[in-house]
Novice: 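Below is one structure. I have some questions about it.
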There are 2 protein chains.
Amino acid sequence: MQDQAPAATVSRLITYLRVIRQFEAVGLERTSSEALAEASNVSAFQIRKDLAYFGTFGTRGSGYLVSTIGLRLREILGLTDVYDIAIVGMGRLGQAITDYPAMGEYGFRIRGMFDSDPGKVGLEFAGIEVSPMDSLPTLMRQRNFDMGMIAVPSAAAQEVADTLVSAGVRALLNFAPVVLNVPEGVMVEPVDFVASLKRLSYHLRGKPVLRHAARQAT
Amino acid sequence: MQDQAPAATVSRLITYLRVIRQFEAVGLERTSSEALAEASNVSAFQIRKDLAYFGTFGTRGSGYLVSTIGLRLREILGLTDVYDIAIVGMGRLGQAITDYPAMGEYGFRIRGMFDSDPGKVGLEFAGIEVSPMDSLPTLMRQRNFDMGMIAVPSAAAQEVADTLVSAGVRALLNFAPVVLNVPEGVMVEPVDFVASLKRLSYHLRGKPVLRHAARQAT
DNA sequence: ATATGTGAATTGATTCACAGCG
DNA sequence: CGCTGTGAATCAATTCACATAT
């Protein structure tokens, strides 16, 4: 099962599912590519093309059933499975992720917490004990983590990624602002809101609401 | 000054600048498209093409000067300016952003905090007092926020976006997992790590390390 | 009659090959 | 001679138009 669909399509499918969930929440039963397009800010063409990568969903002339498109989207995105996750780095960020509510709504389960700081080892968050970093390979054999979240300082991120990858993890969420080198078949998703701010600053460059004094950025 | 370069190019420029900063940190003076490519995980072609959108940077035959490419990247990305930011929603997420250290390294300054909850109004974070939501238009006139960060629950996000936009803000960082509708010229950057997890689950779909029991996702 | 599903056309981004400059 | 800068070629994604199914 190779990734035939473009990455942009997958990102949009995630949006479509969000919209469908809103439709489900208000009890809507039928919808159309037009209605989905409206709520997702894309064209109806785009939606039909995106869905077409994965088969046929609706009935011509009448549209889509909210329930079936919802189920199919969940299946396509792999959200009908459960994923066990290891967080590496239990500093402020790691701790914040721990009790983030929205994750449990899907099958994302945090099942391991690691830190190289002996002061952190043994602490408990959300009922899970922090293990020392060097126990990761051993614990991996028992718990088979599907995903790893890298919440360590930039300087340590590549080493953590290597450890996770050699333990068999093939999906990494990387909060550190560095490019990770991983072998073919391993997927890295960067999460970096400062990078997003920089995309915004590019958008605003040269036209601030108020002209500010120039300043040397570091 | 329209956005001539593709969005993907801008994202890569941010990566290049990160690499250049590492080069600066170790005192490296010269580099090449090849070296940058290596450290950024892209092709040397891509780097030269990306830079070419913005002019000429290096000297043929010898490569790039780390200092000049660093300066040019900062200029292109608008990072030599200062941006005043309003955070809306001072719940856990808003508070966490408040004392995030990496932001001050660039010219991103948090200058306003807003919340509609009277219990939050008047509290102080990082030396800034939380103002009531309805004072945003007034304060906007005094402080001219360049960017808005939306850290409110999904249900309130669109309304907050509308308020910010009509106050004149043209760059929004949206932490709520909803699609925001904004007029032409306003840029929205979504930040949603659960969406990133879903991209990972798509990557893993049907091939978990360990086969898990099926489960109905919501 | 209506809205999906899809081949064809178009647009855009990436890759390449090499011309141009130091 | 080496490495940048760039037009041309390839590849990919989006848009369109319409045939198709209900």
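Note on naming: letters A, B, ... go to the chains in the order of the sequence lines (proteins, then strands), and numbering restarts at 1 for each one.
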Novice: A/Gly61 or A/Ala7: which one's nearest nucleotide on DNA chain D is closer to the 5' end?
Specialist: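 Its nucleotide being nearer the 5' end, the pick is A/Ala7.
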Novice: Provide, to the nearest angstrom, the distance between the CD1 atom belonging to A/Ile69 and the C1' atom belonging to C/dT4.
Specialist: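 After rounding, the reported distance stands at 11 Å.
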Novice: Any side-chain N or O of A/Ser32 below 4.0 angstrom from OP1/OP2 of C/dA3?
Specialist: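 A/Ser32 to C/dA3 OP1/OP2: no side-chain N or O under 4.0 Å.
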Novice: How are the rings of A/Tyr100 and B/Phe193 set relative to one another: parallel (under 30°), tilted (30 to 60°) or perpendicular (over 60°)?
Specialist: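 Ring orientation of A/Tyr100 relative to B/Phe193: tilted.
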Novice: Looking only at atom types and distance, does a side-chain atom of B/Asp115 sit under 3.5 Å from a main-chain N or O of B/Met90, one as donor and one as acceptor?
Specialist: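 Such a contact is found between B/Asp115 side chain and B/Met90 backbone.
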Novice: Measure from CZ on A/Phe45 to C1' on D/dC18 and round the result to the nearest Å.
Specialist: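 After rounding, the reported distance stands at 11 Å.
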Novice: So, is A/Ser62 close to the C/dA3 phosphate, meaning a side-chain N or O under 4.0 Å from OP1 or OP2?
Specialist: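 Checking C/dA3 against A/Ser62, no side-chain N or O comes under 4.0 Å of OP1 or OP2.
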Novice: Does a side chain donor of either A/Ser196 or A/Arg199 reach within less than 3.5 Å of an acceptor in the other side chain?
Specialist: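 Yes, because at least one side-chain N or O of A/Ser196 sits under 3.5 Å from a partner of the opposite role on A/Arg199.
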Novice: Over how many whole Å does the gap from A/Leu36 atom CG to C/dA3 atom P extend?
Specialist: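 Rounded to the whole Å, the gap is 14 Å.
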Novice: Under 4.0 Å between a side-chain N/O of B/Thr59 and OP1 or OP2 of D/dT4, yes or no?
Specialist: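 The answer is no; no side-chain N or O of B/Thr59 sits under 4.0 Å from OP1 or OP2.
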Novice: Pick the nucleotide of DNA chain D nearest each of B/Gly63 and A/Asp50; which residue has the one closer to the 5' end?
Specialist: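 Its nearest nucleotide lies further toward 5', so the answer is B/Gly63.
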Novice: Taking the side chain of B/Lys49 as its heavy atoms from C-beta onward, which of C/dA17, D/dT4, D/dG7 lies nearest to it?
Specialist: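 Among the listed nucleotides, the one closest to the side chain of B/Lys49 is D/dG7.
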Novice: Which of the following nucleotides, D/dT15, D/dA13, D/dT6, is nearest to the side chain of B/Ala52?
Specialist: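 Selected nucleotide: D/dT6.
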Novice: Quick check on DNA chain C: between A/Glu34 and B/Ala8, whose nearest nucleotide comes earlier from the 5' end?
Specialist: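 The 5'-side residue here is A/Glu34.
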Novice: May I ask you to verify if any side-chain N or O of A/Tyr64 is less than 4.0 angstrom from the OP1 or OP2 atom of C/dG5?
Specialist: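 So the side-chain polar atoms of A/Tyr64 do come within 4.0 Å of the phosphate oxygens OP1 or OP2 of C/dG5, strictly under.
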Novice: Determine: side-chain N/O of A/Arg12 to OP1/OP2 of D/dT14, distance under 4.0 Å, yes or no.
Specialist: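 Yes, within the criterion.
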Novice: So, B/Arg205 side chain and B/Tyr202 main chain: donor-acceptor pair closer than 3.5 Å or not?
Specialist: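 Checked: pair present.
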Novice: Can a salt bridge be assigned to the pair A/Arg21 and A/Glu24 using a cut-off of 4.0 Å between side-chain N and carboxylate O?
Specialist: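 Here A/Arg21 does not pair with A/Glu24 in a salt bridge, since their nearest N and O are not under 4.0 Å apart.
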Novice: Of the options D/dT14, C/dA19, C/dT15, whose atoms approach the side-chain atoms of B/Arg60 most closely?
Specialist: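 Selected nucleotide (nearest to the side chain): C/dA19.
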Novice: Roughly how many Å is it from CD in A/Gln4 to C1' in D/dC11, rounded to a whole number?
Specialist: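 Distance check: A/Gln4 CD to D/dC11 C1' gives 18 Å.
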Novice: Within this structure, what is the OH-to-C1' distance between A/Tyr53 and C/dG7, rounded to whole angstrom?
Specialist: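 From A/Tyr53 OH to C/dG7 C1': 13 Å.
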Novice: For A/Phe54 and C/dT4, what is the distance between atoms CZ and C1' respectively, to the nearest whole Å?
Specialist: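 Whole-Å distance recorded here is 17 Å.
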Novice: Is the shortest side-chain N/O distance from A/Arg48 to OP1 or OP2 of C/dG5 below 4.0 Å?
Specialist: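 So the side chain of A/Arg48 is outside the cut-off, no N or O lying under 4.0 Å from OP1 or OP2 of C/dG5.
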Novice: Please state how far atom CZ in A/Arg72 lies from atom P in C/dG5, giving the value in whole angstrom units.
Specialist: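 In whole Å, C/dG5 P and A/Arg72 CZ are 11 Å from each other.
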Novice: Rounded to the nearest angstrom, tell me the gap between atom CD1 in A/Ile47 and atom P in C/dG5.
Specialist: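 Computing the A/Ile47:CD1 to C/dG5:P distance gives 12 Å.
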